[in-house]
J.: 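What follows is a single structure, and I will ask about it in a moment.
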Amino acid sequence: MVSRILKVPSFDLAVFGGTGDLARRKLFPALFHRFLDAQFSQPTRIVGVSRRPLDHAAYRVAIADALKEFAAAAASDEAIKSFLEMIHYVCLDIESEAGWDLLGHEFDAEPSRVRAFYLATDPDHFGPIAKRLAAHSLITPAARIIVEKPIGRDGASAACINDAIGAVFPEKRIFRIDHYLGKETVQNLMALRFANALFEPLWNSAHIDHVEITVAESIGVGGRASYYENAGALRDMVQNHLLQLLCLVAMEPPASLDADSVRDEKLKVLKSLVPIDSRNAGSLTVRGQYRAGAGEGGAVPGYAQEASNERSVTETFVTLKVEIANWRWAGTPFYLRTGKRLPQRISEVIVAFREVPHSIFPAESGKISQTRLAIRLQPDEGIKLWLMLKEPGAGGMRLQHVPLDMNFAEAFRIHAPEAYERLLMDVIRGNATLFMRRDEVEAAWRWIDPIREAWNQMDEAPRPYLAGTWGPAAAIALVERDGRSWSEETE
Ligand code: BG6
């Protein structure tokens with residue numbers, strides 16, 4: 001299968017936080033890959049912005065190093081050199097008025113040219129940066145702003161940030177990134193649901209017993225402990241990535257793929273989530289924190305040690321039982337689970353269909369397991385449909401649970417672009433379908449905040465789990481209480 005690259009118009013992009021981790025690990029490698037695939041029209045300019053006193057040349061060396069370390073594509077020195085010709089640097093302290101005009105000089109003055117500002121900074125800086133961009137007349141008619149999650153740390157702070165950005169950019173030119181929406185298989189969720197006649201008639205509580213959404217990571221918090229200590233898994237992963245996945249699984253068919261049609265439907269799901277608060281958080285949530293244990297390369301320390309805070313009560317693991325109060329989903333729980341230092345890195349949505357109403361097979365045929373649809377986001381992106389089939393050969397009717405297995409890499413023999421590659425190109429094209437709208441972000445916080453408050457009131461620390469295990473035993477018990485189990489316990 002041949003990949004089809006659609007060129008984007010030439011653009012100017014400023015990356016605030018241009019020397020930071022996100023820029024080095026994700027943004028510049030993503031831009032580089034798109035450049036290698038000849039997706040850019042020239043002239044295109046990318047301007048790194050940060051406080052560090054660097055000049056263009058020194059910044060280009062730093063970006064070349066980042067590409068060598070983090071870009072997946074093996075590229076010739078020649079290719080890196082031509083990419084670097086587009087890279088510029090502006091030293092600027094966002095808290096001061098100096099330097100902003102220099103930034104303006106880096107851009108093309110033509111008002112219709114695409115100009116994008118990527119704020120890869122702490123969310124506290126989003127409002128002040130937006131304000132200064134306006135004060136220094138850098139916001140042209142075609143300008144757009146890209147902000148990273150987390151947008152705030154609760155509903156109130158998110159509203160302040162949204163107000164500040166919204167005061168200078170219209171909503172349709174604000175691109176709130178949740179990089180999970182850029183993952184290939186996440187978009188395949190929409191293809192699977194809405195481009196096939198098979199699933200949609202069964203996609204409701206009459207036929208689906210429950211849904212599991214797992215985003216497991218084997219890594220710990222590493223060098224991000226100072227951010228993570230104030231965030232925890234609920235804010236870092238559930239408020240955005242897991243809820244967005246839940247929305248795509250649960251939403252009604254949108255009228256079209258148009259940004260607002262999709263976002264309207266996701267918003268309705270968020271508004272239908274049954275609240276979890278101090279009355280039910282004890283039975284519907286489990287928090288955990290990893291202790292020293294086994295990591296991929298051997299023994300690893302516990303979270304509290306990594307965060308240099310022996311008393312830390314930050315959760316590195318969360319399980320939630322979520323219910324959606326609408327006609328389609330009443331009676332079908334969604335079990336959400338995410339954590340760090342789990343046995344493997346795996347992100348997966350499992351849709352477990354209801355059991356057959358009656359078995360015609362004798363007991364010796366074996367247990368009839370639920371039909372399960374597993375949508376794997378990473379690694380090994382693909383879809384598996386677990387069905388009961390007869391074991392081949394003699395020996396009577398012995399049934400087996402086996403997968404119809406479709407691995408995207410094998411099926412399409414094409415390297416799917418990384419999430420940031422797709423999302424950055426969507427910003428340049430002005431396509432906001434895979435970005436979060438203000439009301440979505442705030443609705444997600446409205447549902448998350450009472451969980452946080454309930455935990456604060458519970459006067460109970462997160463439950464410990466050993467690094468390298470699937471979280472606290474209570475997370476397994478939460479599902480087992482309902483007569484169910486997480487999928488890796490059944491397959
Ligand atoms: C980020 C979180 O949004 O997503 C990180 O802040 C997490 O804590 C990361 O590690 C996971 O992303 P991915 O694409 O590696 O699954």
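First listed ligand is number 1; within each ligand, the first listed atom is number 1. Only a predicted model underlies this, so the values are computations on that prediction, with no experimental measurement involved. Hydrogens, waters and symmetry mates play no part in the numbers below; they use all other heavy atoms, side chains included.
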J.: Which residue pairs pass the side chain to side chain donor-acceptor pair (under 3.5 Å) test with at least one member in residues 444-454, sequence neighbours excluded?
T.: E315-R452
J.: Applying side chain to side chain donor-acceptor pair (under 3.5 Å), name anything that partners E440, two or more places apart in sequence or on another chain.
T.: Q244, K266
J.: Between W329 and S272, does any side-chain donor sit less than 3.5 Å from a side-chain acceptor?
T.: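 The answer is no; no qualifying pair exists.
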J.: Would you kindly say whether D154 and S157 are connected by a side-chain donor-acceptor distance under 3.5 Å?
T.: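 Yes, side-chain donor-acceptor contact under 3.5 Å.
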J.: Within the protein, flag every N or O under 3.5 Å from an N or O of ligand 1, and note the pair and distance.
T.:
residue: ligand 1; atom: 3 (O); partner: K149; partner atom: NZ; Å: 2.7
residue: ligand 1; atom: 3 (O); partner: H241; partner atom: NE2; Å: 2.7
residue: ligand 1; atom: 4 (O); partner: H241; partner atom: NE2; Å: 3.4
residue: ligand 1; atom: 6 (O); partner: K149; partner atom: NZ; Å: 3.0
residue: ligand 1; atom: 6 (O); partner: R224; partner atom: NH2; Å: 2.9
residue: ligand 1; atom: 6 (O); partner: D236; partner atom: OD1; Å: 2.6
residue: ligand 1; atom: 6 (O); partner: D236; partner atom: OD2; Å: 3.4
residue: ligand 1; atom: 8 (O); partner: R224; partner atom: NH1; Å: 2.8
residue: ligand 1; atom: 8 (O); partner: D236; partner atom: OD2; Å: 2.6
residue: ligand 1; atom: 8 (O); partner: K340; partner atom: NZ; Å: 2.8
residue: ligand 1; atom: 10 (O); partner: E217; partner atom: OE1; Å: 2.5
residue: ligand 1; atom: 10 (O); partner: E217; partner atom: OE2; Å: 3.3
residue: ligand 1; atom: 10 (O); partner: K340; partner atom: NZ; Å: 3.1
residue: ligand 1; atom: 12 (O); partner: H179; partner atom: NE2; Å: 3.2
residue: ligand 1; atom: 14 (O); partner: H179; partner atom: NE2; Å: 2.8
residue: ligand 1; atom: 14 (O); partner: K183; partner atom: NZ; Å: 2.6
residue: ligand 1; atom: 15 (O); partner: R345; partner atom: NH2; Å: 3.1
residue: ligand 1; atom: 16 (O); partner: Y180; partner atom: OH; Å: 2.4
residue: ligand 1; atom: 16 (O); partner: Q378; partner atom: NE2; Å: 2.7

J.: Listing request: all side chain to side chain donor-acceptor pair (under 3.5 Å) pairs with a residue in residues 60-72, at least two apart in sequence or in separate chains.
T.: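 For residues 60-72, and leaving out neighbouring residues, there are no side chain to side chain donor-acceptor pair (under 3.5 Å) pairs at all.
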J.: Side chains of S487 and R372: do they bring a donor and an acceptor to under 3.5 Å?
T.: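 Yes, a side-chain donor-acceptor pair sits under 3.5 Å.
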